[in-house]
Peer 1: 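My structure is below; once you've seen it, I'll send some questions.
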There are 2 protein chains.
Amino acid sequence: MAEGQSQNASSGQALLYLTDEQLRQGIEAMFFAYRGFTADPDRILEGMSYGRAHHRAIHFIHCAPGTTVNNLLAILGVTKQSLNRVLRTLIEDGLVTSHVGRSDKRERHLTLTEAGEALEQQLSDAQRARMRDAYRKAGPEAVAGFKTVLESMMDDDMKRAYVTLREGR
Amino acid sequence: MAEGQSQNASSGQALLYLTDEQLRQGIEAMFFAYRGFTADPDRILEGMSYGRAHHRAIHFIHCAPGTTVNNLLAILGVTKQSLNRVLRTLIEDGLVTSHVGRSDKRERHLTLTEAGEALEQQLSDAQRARMRDAYRKAGPEAVAGFKTVLESMMDDDMKRAYVTLREGR
DNA sequence: CTTGGAATGTCAACAAGACTGACGTATTTT
DNA sequence: AAAATACGTCAGTCTTGTTGACATTCCAAG
């Protein structure tokens, strides 16, 4: 509360970008941009009885083929029961395969089938197209700043997951 | 599909930041960052029988006091039935007031009560605190880039709403 | 070797929050 | 007077999150 305007009052002018008003703009930008970010895949998914949750599962299984349910759980940040429902439909529909682990038979290793990869491509293409347009319009320096801010905005656990994913490639 | 790697193949090196891999990273950064972005308000709301939907309504009523239901509908991008459920509880609980319009009596003008403003402050402070940390760590140039990319990522309608809100202040 | 606890995953039931469709009412516009 | 607009509401559905209970598997301590 009292913390609010103390930023620019205390430090002259170099920190003008930290005013409450600037922060509020950032918050709203985040809100509106996220809507755009998910709009295209949502449109594709609607009508095929899948939703955003399916998209997320497909995305990360694609990135880490053979990953376990537990692994996916940590990345997605939902309960295993919630993930399971999504996974079940994907497996039933032949988009994902689930193999019992060799060393640890409790684990299930998840992989996309050909059909799964095809859908992943379709969704990914749509989402990347928007991203690419945004990146191109903004230019490389803006993109660098964009990523820097997003990374500082993550929870530490999420940042770890994010970095781990990047390193794995 | 075939469009994928054509970016860097076609244009030498200046467009390396537009590779599929770079875009994929951006997508994941967006996903993880948005989780962090909503985490703090979500934590506050949980247990008070409110959710993210209430937060959004409160946020925009605070920013545009006296706004109408229709206005809010356009900004939030949900159906009136959905918004109504949220609004009803907020009004019942004395956080929002609804006044019949003076010039057009069909309209309802929405305003936060003192209690509503108090909750808005609490939520806003939490969200801004994270935003401020992220901004401070990233620095002013990164923040500028961040906003540029987010704005290019919005749907045109959303961008219009976003800009309009900014101008109104 | 057995047994109890921890880890992994599945099934069932429920809640929040989004959606559609239909309808009622008051008010404004044509 | 009729049509359109703004708002509220009821009923029903869907997605996606939750908790609770349970089966299977693994591992380690007795």
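Computation of the quantities below employed the complete heavy-atom set of this structure, encompassing side-chain atoms and omitting hydrogens, waters and symmetry-equivalent molecules. In what follows, every chain begins at residue 1, and chains take the letters A, B, ... in the order their sequences are listed.
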Peer 1: Between B:D42 and B:R52 (salt bridge meaning N to carboxylate O under 4.0 Å), is one present in this structure?
Peer 2: yes
Peer 1: Under 3.5 Å, is there any donor-acceptor pair linking the side chain of B:R85 to the base of C:dA16?
Peer 2: no
Peer 1: Are B:D125 and B:R128 ion-paired here, with the side-chain N under 4.0 Å from a carboxylate O?
Peer 2: yes
Peer 1: Under 4.0 angstrom, heavy atoms only, what part of the nucleic acid is A:T89 near: base, sugar-phosphate, or nothing?
Peer 2: nothing
Peer 1: Is the shortest distance from a Lys or Arg side-chain nitrogen in A:D157 or B:R35 to a carboxylate oxygen in the other one below 4.0 Å?
Peer 2: no
Peer 1: Could you pick out which residue, A:K105 or A:R56, lies toward the 5' side of DNA chain D when each is mapped onto its nearest nucleotide?
Peer 2: A:R56
Peer 1: Remember a base hit wins even if backbone is also touched, and classify B:H109 as base, sugar-phosphate or nothing at under 4.0 Å, heavy atoms.
Peer 2: nothing
Peer 1: Return whichever of A:H54 or A:Q81 has its heavy-atom-nearest nucleotide of DNA chain D closer to the 5' end.
Peer 2: A:H54
Peer 1: Check DNA chain D against residues 67-80 of chain A and give the residues with a non-hydrogen atom under 4.0 Å, in numerical order.
Peer 2: A:V78, A:T79
Peer 1: Give the rounded distance in Å between these two atoms: CZ of B:R88 and P of C:dA18.
Peer 2: 14 Å
Peer 1: Using the ring centroid of each side chain, check whether B:F31 and A:F60 are separated by less than 6.0 Å.
Peer 2: yes
Peer 1: Going 5' to 3' along DNA chain D, which nucleotides are the first and last within contact of chain A (any atom under 4.0 Å from a heavy atom)?
Peer 2: D:dT15 to D:dC26
